[in-house]
2 protein chains.
Amino acid sequence: MESLPNDSDIAANRHELGRNLTHGMLDTLGRAIVTGRYEQRPFPTEAEIAKAHGVSRSVTREAVKMLTAKGLVSARPRQGTVVQPSGNWNLFDPDVLRWLLERKFSVELLRQFNQLRIAIEPEAAALAAQFHDAEDIAAIHAGLARMEAAEAGNDDPLDADIAFHLAILRASKNPFYAQFQMVVATALRTSIRFTNRMRGRSANIPDHAAVADAIALRDAAAARIAMRRIIGDVLELIAGD
Amino acid sequence: MESLPNDSDIAANRHELGRNLTHGMLDTLGRAIVTGRYEQRPFPTEAEIAKAHGVSRSVTREAVKMLTAKGLVSARPRQGTVVQPSGNWNLFDPDVLRWLLERKFSVELLRQFNQLRIAIEPEAAALAAQFHDAEDIAAIHAGLARMEAAEAGNDDPLDADIAFHLAILRASKNPFYAQFQMVVATALRTSIRFTNRMRGRSANIPDHAAVADAIALRDAAAARIAMRRIIGDVLELIAGD
DNA sequence: ATGCGACTATTGTCGTATAAATCAGCCGCA
DNA sequence: TGCGGCTGATTTATACGACAATAGTCGCAT
């Protein structure tokens with residue numbers, strides 16, 4: 001039932017993801033996979049994809065290779081390209097996470113993600129308390145200041161909240177924790193619609209200030225507890241909906 | 001100083017990573033990048049890579065595209081391919097992590113990794129205590145049994161230890177925690193040489209048994225504490241060297 | 001001196017051709 | 001009939017060659 005692509009299809013694809021045809025294909029295929037479009041029907045062959053989207057097989061192959069690198073598919077001669085079980089997907093790849101949250105959003109997924117945050121961020125705060133430098137403290141306080149400004153309507157509450165949490169992850173001085181900057185930013189940003197619907201949603205400034213203070217005082221235990229309270233509140237909000 | 005490839009170079013590349021030419025190139029380039037070979041000199045152009053390794057530009061391009069997908073490089077016309085700052089690398093990609101640990105191993109990296117584990121695994125144990133099913137308990141006990149067998153020389157201690165920890169991550173029933181299975185397995189396996197050099201290295205069976213018992217009894221707090229002790233010990237071992 | 005345009009190096013895209021892998025089905029033999 | 005190898009078809013893997021698009025760079029003209 002696939003018709004030959006017309007000019008508008010091609011044009012849409014060409015500008016789909018800013019960059020180039022390959023990235024457009026990557027985005028299109030990635031979204032299709034995470035939304036489960038190929039759970040029943042088999043994944044199309046390279047030739048079919050190329051024809052259906054009006055691009056060359058080279059472009060298709062490079063997009064499929066990127067999906068392979070992210071763990072979404074695996075390709076073997078004669079057998080074709082097959083979608084991997086979701087357990088093999090690299091959930092910490094920003095693209096994969098974005099596709100999941102944008103296209104397959106669910107409260108369950110949001111809950112599971114915050115269960116991860118409650119492991120990561122309190123420990124990151126504890127590490128930040130130990131290893132931060134002046135620059136980190138400045139960034140954390142800047143984030144806090146932006147949250148206060150947002151409270152008064154002079155800044156974006158989400159961006160401010162994100163900036164605060166990212167500054168702490170960075171201050172941990174541990175590349176594995178720093179890695180979560182992208183993950184947390186992506187997830188917070190895509191889940192904003194949900195959390196906003198839930199309430200007027202002004203983040204708890206005193207709790208955030210408590211974290212910042214504990215870090216500045218190099219009190220790792222207090223920082224851990226304070227951060228745990230922040231994310232614990234979010235979790236309760238989600239669970240108790 | 002790059003000479004034209006000879007037949008043995010090509011043959012070596014062809015069988016380098018089991019799969020195919022593209023994966024061989026991916027592995028070669030990935031290792032070169034994480035070892036910092038291109039920190040001073042610029043990253044070669046596609047044409048240069050293709051010629052230097054005796055493969056076509058198609059293969060080169062697909063390998064570079066996979067590196068792009070993992071965040072190691074970024075390519076723009078006329079400017080060429082440039083290595084991204086290591087903060088942009090996807091450290092939770094099994095390939096990237098393996099390259100890092102195999103080729104750039106350091107005690108510092110091992111310490112930072114276990115700082116991550118001490119955040120993840122205790123919380124995973126707590127979740128496992130809440131959400132495990134019979135199958136999970138069986139897997140955890142199987143891992144424990146293998147560790148005891150290894151103690152007596154009847155099994156591989158590392159494999160047994162890994163199996164135990166992976167079973168708990170899986171039992172958390174949270175895909176984000178399950179994601180760390182590959183990461184933990186990769187890191188433990190590649191760091192075995194170091195940990196073995198450090199001591200006769202028989203894992204602390206009673207501590208592991210305590211975790212298993214707490215999970216089986218659905219005592220989340222106890223499971224968290226017990227797991228934290230296990231990894232805390234590892235961290236002390238590393239820090240106090 | 002400065003701005004504009006031509007040049008050029010590099011990735012982006014395309015099409016085609018051939019190789020290799022592997023599965024299904026056929027054919028022959030016992 | 002049953003089994004095993006052979007053959008063909010399908011799909012990815014690899015290769016090559018060409019041109020387009022893009023973006024620095026350099027030089028020229030004003």
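Proteins come first, then strands; the chains are lettered A, B, ... in the order of their sequence lines, and each starts at number 1.
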Discussion item. Can you list everything that forms a ring pair (Phe, Tyr, Trp, His ring centres under 6.0 Å) with A:Y38? Sequence neighbours excluded, please.
Written reply: A:F43
Fill in: N or O in side chain of A:T45 less than 4.0 angstrom from D:dT10 OP1/OP2
no
Worksheet item: Any side-chain N or O of A:K65 under 4.0 Å from OP1/OP2 of D:dT12?
Response: no
Worksheet item: Rounded to the nearest Å, what distance is computed from the CG atom of residue A:L21 to the C1' atom of nucleotide C:dT11?
Response: 13 Å
Discussion item. Looking at A:K70 and A:D95, is there a salt bridge between them, counting it only when a charged N and a carboxylate O are closer than 4.0 Å?
Written reply: yes
Worksheet item: Which whole-number value in Å describes the distance from B:F43 CZ to C:dT11 C1'?
Response: 13 Å
Discussion item. Applying salt bridge (Lys or Arg N to Asp or Glu O under 4.0 Å), can you list everything that pairs with A:D156, at least two apart in sequence or on another chain?
Written reply: none
Discussion item. Can you build the contact string for nucleotides 15-22 of chain C? Use B for base contact, S for sugar-phosphate-only contact, and - for no protein heavy atom under 4.0 Å.
Written reply: B-----BB
For residues 77-92 of chain B, which side-chain N or O atoms pair as donor and acceptor with protein atoms under 3.5 Å away, sequence neighbours left out?
from: B:Q79; atom 1: OE1; to: B:R76; atom 2: NH1; distance (Å): 3.3
from: B:W89; atom 1: NE1; to: B:Q84; atom 2: O; distance (Å): 3.1
from: B:N90; atom 1: OD1; to: B:F92; atom 2: N; distance (Å): 3.2

Discussion item. Test of understanding: with salt bridge (Lys or Arg N to Asp or Glu O under 4.0 Å), list the residues that count as partners of A:E108, not counting sequence neighbours.
Written reply: A:R111
Practice prompt. Kindly write out the residues that satisfy side chain to side chain contact (heavy atoms under 4.5 Å, CB included) with B:A145, not counting sequence neighbours, or none if the list is empty.
Written response: none
Item to complete: Identify whether the distance between the nearest side-chain nitrogen and carboxylate oxygen of A:D93 and A:R98 falls below 4.0 Å.
Response: no
Worksheet entry | Side-chain N or O of A:T22 closer than 4.0 Å to phosphate OP1/OP2 of C:dG12 | no
Fill in: Whole-Å distance separating the NE2 atom of A:H53 from the P atom of C:dT13
15 Å
Item to complete: Would you mind reading off the distance between B:R61 atom CZ and C:dC14 atom P, rounded to a whole angstrom?
Response: 11 Å
Worksheet item: Hey, what bend do you get for the helix from C:dA1-D:dT30 to C:dA30-D:dT1 if you fit axes on five pairs at each end, rounded to 10°?
Response: 10°
Item to complete: Could you state the atom-to-atom distance from CD of B:E46 to P of D:dC16 in whole Å?
Response: 15 Å
Worksheet item: Nearest-Å distance, CD (B:E62) to P (C:dT13)?
Response: 14 Å
Response to the item:
Here the distance between atom C1' of D:dT12 and atom CD of A:E48, to the nearest Å, is 13 Å
Fill in: Partner residues of A:H165 under the ring pair (Phe, Tyr, Trp, His ring centres under 6.0 Å) criterion, sequence neighbours left out
A:H208
Discussion item. A:A178: which residues meet the side chain to side chain contact (heavy atoms under 4.5 Å, CB included) condition with it, sequence neighbours left out?
Written reply: A:Q181
Discussion item. Just the rounded figure in Å: distance from P of D:dA20 to CG of A:N20.
Written reply: 18 Å
